[in-house]
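So you know, we letter chains A, B, ... as the sequences are listed, proteins then strands, and number each from 1.
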Amino acid sequence: MLEIKYLRQNLSAVQEAFNARGYQADLDAFQKWDGDRRAILQEIELLRHERNVASDRIAEMKKTGEDAEAIVIEMRTVSSKIKELDKKLSASQEMMDAFLLALPNIPHASVPVGKDETDNPVVRTVGEVPKFEFEPQPHWDIGSRLKILDLERAAKITGARFALYFGAGARLERALINFMLDTHTDENGYLEVLPPFMVNRESMTHTGQLPKFEEDLFKLSGWEYFMIPTAEVPVTNIHQGEILAEDRLPISYVAYTPCFRSEAGSHGKDTRGLIRQHQFNKVELVKFCHPESSYDELESLLNNAEIILQKLALPYRVIELCTGDLGFSAAKTYDIEIWMPAQGVYREISSCSNFEDFQARRANIRFKQKGKKGTALVHTLNGSGLAVGRTFAAILENFQQADGSVVIPELLQPYMTGIKKITP
RNA sequence: GGAGAGGUGGCUGAGUGGUUGAAAGCGGCGGUCUCGAAAACCGUUGGGGGUUCACGCCCUCCGCAGGUUCGAAUCCUGUCCUCUCCGCCA
């Protein structure tokens, strides 16, 4: 959410930022509502002041035994007038809140201007793309031949876009989760958390999934609870409504959770394999930090995610999202894309973003500044470290052998009880 | 699921209709004392919003949402959360 004062004072700059995003907002209407709202507020405050003064007078008169009846009667009409205006104000306030909650974040000045994903510049490419002396197979074929991945039976159990892992496959998924968690806790300094996998409507609103993207979420019937689409939601909400001590910042969390997404509007996209599932595992990095250091923290968070791929010897590249491709809540985002040999393309495996104070304002997460009065909003960041299912798929495809086996990356082998290769 | 207790400032905890933004203690900050520190003592110490160039003035907030009243932390209703006992249960 943008600060209403900022919006009021920088209308044209905001309009420009939204244009770069390709987002249309009726800022003229905003100006009018804002003026109306403040006019009502001032009227109410004046009446309330009048009533407060009169109430004190009444209390005094009752003490001295004077007759206060005349003022009481007068205040009766003032009170009903206040009540009437209060209704107008809360209607006006609701409209304003709805408007503000629907506005996307403003891109950081460093974000390249562009229309869509074709305008995203590549920041760097890391690792060697493997050369095969045979036709590289897609991971779903490899997995099914090795009997470690069974998408057909998963469809019987639940439906399309669910996965069922067996034996070394289930083990590999679990090994990846543990490997990622251990690296981020032991080497990168994150505190591990295991949050709820369902959250309420408020939490979803704080991080920006709601109110605009409800159709992307799985919602429980009969409960105002949603399945989390990413650990970002429960973990960022750990500190909702809190005032943090400045010397505690930055706070860095890592969480493994399954993620649930309806994938509304992506019918026919990535219908085969593990790339686009309704349920997938992810290890997520989340930071709360001082506004002054949030862009340094974004670089370090991105590095923390990249290290996983370097340790696994998987080839990848980092791209920067342009203004037109930026997510709703983000001010700046890097995507890490992994090389998928069978399709011959890079696929997103991590998305690392700085939300600045956009989520913090919605979730009311602040810190106390030493030597300054008042509080300030923290900056929140998060990034995948990494999407586990896609990492699984990438390992199968990048490390497949001519005989149909898959070599396990060396640093992962201790997590696989020494298994060096998965064979049929 | 049944019965009960409770949610007050950074924390502990008073307050049951009228200068209560809220006693007291702890913590924090500033000072006195000291070579310095500790102790002691003194002072100070919430958030959000409107208005103003500013000083300031005003409104609001005692889980949340309503209601009663001239006036609500205090009374009423609903709701969420926490705790205790019983039942059930991974």
(request) Using the C1' atom on both, measure B:C85 against B:G67 and round to a whole Å. (result) 33 Å
Donor-acceptor contacts under 3.5 Å from residues 262-272 of chain A side chains, at least two apart:
{"residue": "A:Ser262", "atom": "OG", "partner": "A:Glu215", "partner atom": "O", "Å": "2.6"}
{"residue": "A:Ser262", "atom": "OG", "partner": "A:Asp216", "partner atom": "O", "Å": "3.2"}
{"residue": "A:Ser262", "atom": "OG", "partner": "A:Ala264", "partner atom": "N", "Å": "3.3"}
{"residue": "A:Glu263", "atom": "OE1", "partner": "A:Ser266", "partner atom": "OG", "Å": "3.3"}
{"residue": "A:Glu263", "atom": "OE1", "partner": "A:Arg276", "partner atom": "NH1", "Å": "3.1"}
{"residue": "A:Ser266", "atom": "OG", "partner": "A:Glu263", "partner atom": "O", "Å": "2.6"}
{"residue": "A:Asp270", "atom": "OD1", "partner": "A:Arg347", "partner atom": "NH1", "Å": "2.9"}
{"residue": "A:Asp270", "atom": "OD2", "partner": "A:Arg276", "partner atom": "NE", "Å": "2.9"}
{"residue": "A:Asp270", "atom": "OD2", "partner": "A:Arg276", "partner atom": "NH2", "Å": "3.0"}
{"residue": "A:Asp270", "atom": "OD2", "partner": "A:Arg347", "partner atom": "NH2", "Å": "3.0"}

Side chains of residues 43-62 of chain A: which donor-acceptor pairs under 3.5 Å do they make with residues two or more places apart or in other chains?
{"residue": "A:Arg51", "atom": "NH1", "partner": "A:Ser79", "partner atom": "OG", "Å": "3.4"}
{"residue": "A:Asn52", "atom": "ND2", "partner": "A:Arg48", "partner atom": "O", "Å": "3.4"}
{"residue": "A:Ser55", "atom": "OG", "partner": "A:Arg51", "partner atom": "O", "Å": "3.2"}

(request) May I ask you to evaluate whether A:Lys368 reaches the phosphate of B:G47, defined as a side-chain N or O under 4.0 Å from OP1 or OP2? (result) yes
(request) Determine which pairs satisfy side chain to side chain donor-acceptor pair (under 3.5 Å) with at least one residue from residues 413-424 of chain A, sequence neighbours left out, and list them in order. (result) A:Asp182-A:Tyr415
(request) Pick base, sugar-phosphate or nothing for A:Arg51, based on heavy-atom distances below 4.0 Å to the nucleic acid. (result) sugar-phosphate
(request) Determine the interatomic distance between P on B:G21 and the same-named atom on B:C62; round to the nearest Å. (result) 12 Å
(message) Applying side chain to side chain donor-acceptor pair (under 3.5 Å) as the test, list every pair that has at least one member in residues 95-114 of chain A; sequence neighbours left out.
(response) A:Gln93-A:Asp97, A:His108-A:Ser110, A:Ser110-A:Lys332
(request) Return the value, rounded to whole Å, for the distance between atom CD of A:Gln9 and atom C1' of B:U51. (result) 14 Å
(message) With a 4.0 Å cutoff (strictly under), does any side-chain N or O of A:Asn52 reach OP1 or OP2 of B:C59?
(response) yes
(message) Heavy atoms within less than 4.0 Å of RNA chain B: which residues of residues 67-80 of chain A have one? Give them sorted by number.
(response) A:Val72, A:Met75, A:Arg76, A:Ser79
(message) How many whole angstroms separate atom CG of A:Asp56 from atom P of B:G17?
(response) 18 Å
(request) May I have all residue pairs that pass ring pair (Phe, Tyr, Trp, His ring centres under 6.0 Å) and include part of residues 58-102 of chain A, sequence neighbours excluded? (result) A:Phe30-A:Phe99, A:Trp33-A:Phe99
(request) Classify the side-chain pair A:Tyr316/A:Gln310 by whether it contains a donor and acceptor separated by less than 3.5 Å. (result) yes
(request) Report yes if a side-chain nitrogen or oxygen of A:Gln42 is closer than 4.0 Å to either non-bridging phosphate oxygen (OP1 or OP2) of B:C59; otherwise report no. (result) no
(message) Using a strict heavy-atom distance below 4.0 Å, which residues from residues 26-41 of chain A are in contact with RNA chain B?
(response) A:Arg38, A:Leu41
(message) Taking ring-ring contact (aromatic ring centres under 6.0 Å, His included) as the definition, give me every residue that meets it alongside A:Phe358, ordered by chain and number, with sequence neighbours left out.
(response) A:Phe328
(request) Report the distance from atom CD of A:Gln93 to atom P of B:G49, rounded to the nearest whole Å. (result) 11 Å
(request) For nucleotides B:U20 and B:C58, find the distance between their P atoms and express it as a whole number of Å. (result) 16 Å
(message) Please report the distance separating the C1' of B:A22 from the corresponding atom of B:U74, rounded so that it comes out in whole Å.
(response) 12 Å
(message) Check the phosphate of B:C58 against A:His49, side-chain N and O only, distance under 4.0 Å to OP1 or OP2. Yes or no?
(response) no
(request) Describe the nucleic acid contact of A:Arg8 in one word from base, sugar-phosphate, nothing, applying a heavy-atom distance below 4.0 Å. (result) sugar-phosphate
(request) Pick base, sugar-phosphate or nothing for A:Lys63, based on heavy-atom distances below 4.0 Å to the nucleic acid. (result) nothing
Just list the side-chain donor-acceptor pairs under 3.5 Å for residues 203-214 of chain A, sequence neighbours left out, or say none.
{"residue": "A:Ser203", "atom": "OG", "partner": "A:Asn200", "partner atom": "OD1", "Å": "3.3"}
{"residue": "A:Thr205", "atom": "OG1", "partner": "A:Arg201", "partner atom": "O", "Å": "2.8"}
{"residue": "A:His206", "atom": "ND1", "partner": "A:Glu202", "partner atom": "O", "Å": "3.4"}
{"residue": "A:His206", "atom": "ND1", "partner": "A:Asn237", "partner atom": "OD1", "Å": "2.7"}
{"residue": "A:Thr207", "atom": "OG1", "partner": "A:Ser203", "partner atom": "O", "Å": "3.2"}
{"residue": "A:Thr207", "atom": "OG1", "partner": "A:Gln209", "partner atom": "OE1", "Å": "2.6"}
{"residue": "A:Lys212", "atom": "NZ", "partner": "A:Ala102", "partner atom": "O", "Å": "3.2"}
{"residue": "A:Glu214", "atom": "OE1", "partner": "A:Arg201", "partner atom": "NH1", "Å": "3.3"}
{"residue": "A:Glu214", "atom": "OE2", "partner": "A:Arg201", "partner atom": "NH2", "Å": "3.3"}

(request) Quick one: the dot-bracket string of RNA chain B, using Watson-Crick and G-U wobble pairs with both distances under 3.5 Å, [ ] for crossing pairs and | for bases paired to another strand. (result) ((((((((.[[[..)..(.....]]]((((((.......))))))((((((....)))))).[[[[[..)....]]]]])))))))....
(request) Kindly write out the residues that satisfy ring-ring contact (aromatic ring centres under 6.0 Å, His included) with A:Tyr334, not counting sequence neighbours, or none if the list is empty. (result) none
(message) Could you tell me how far B:C26 sits from B:G13 if I compare only their C1' atoms? Round to whole Å.
(response) 11 Å
(message) Distance check, C1' atoms only: B:G87 and B:G1, in whole angstrom units.
(response) 7 Å
(message) Under the rule for side-chain hydrogen bond (donor to acceptor under 3.5 Å, both in side chains), what residues qualify as partners of A:Gln277, not counting sequence neighbours?
(response) none
(message) It should be established whether A:Ser55 places a side-chain nitrogen or oxygen under 4.0 Å from OP1 or OP2 of nucleotide B:U19.
(response) no
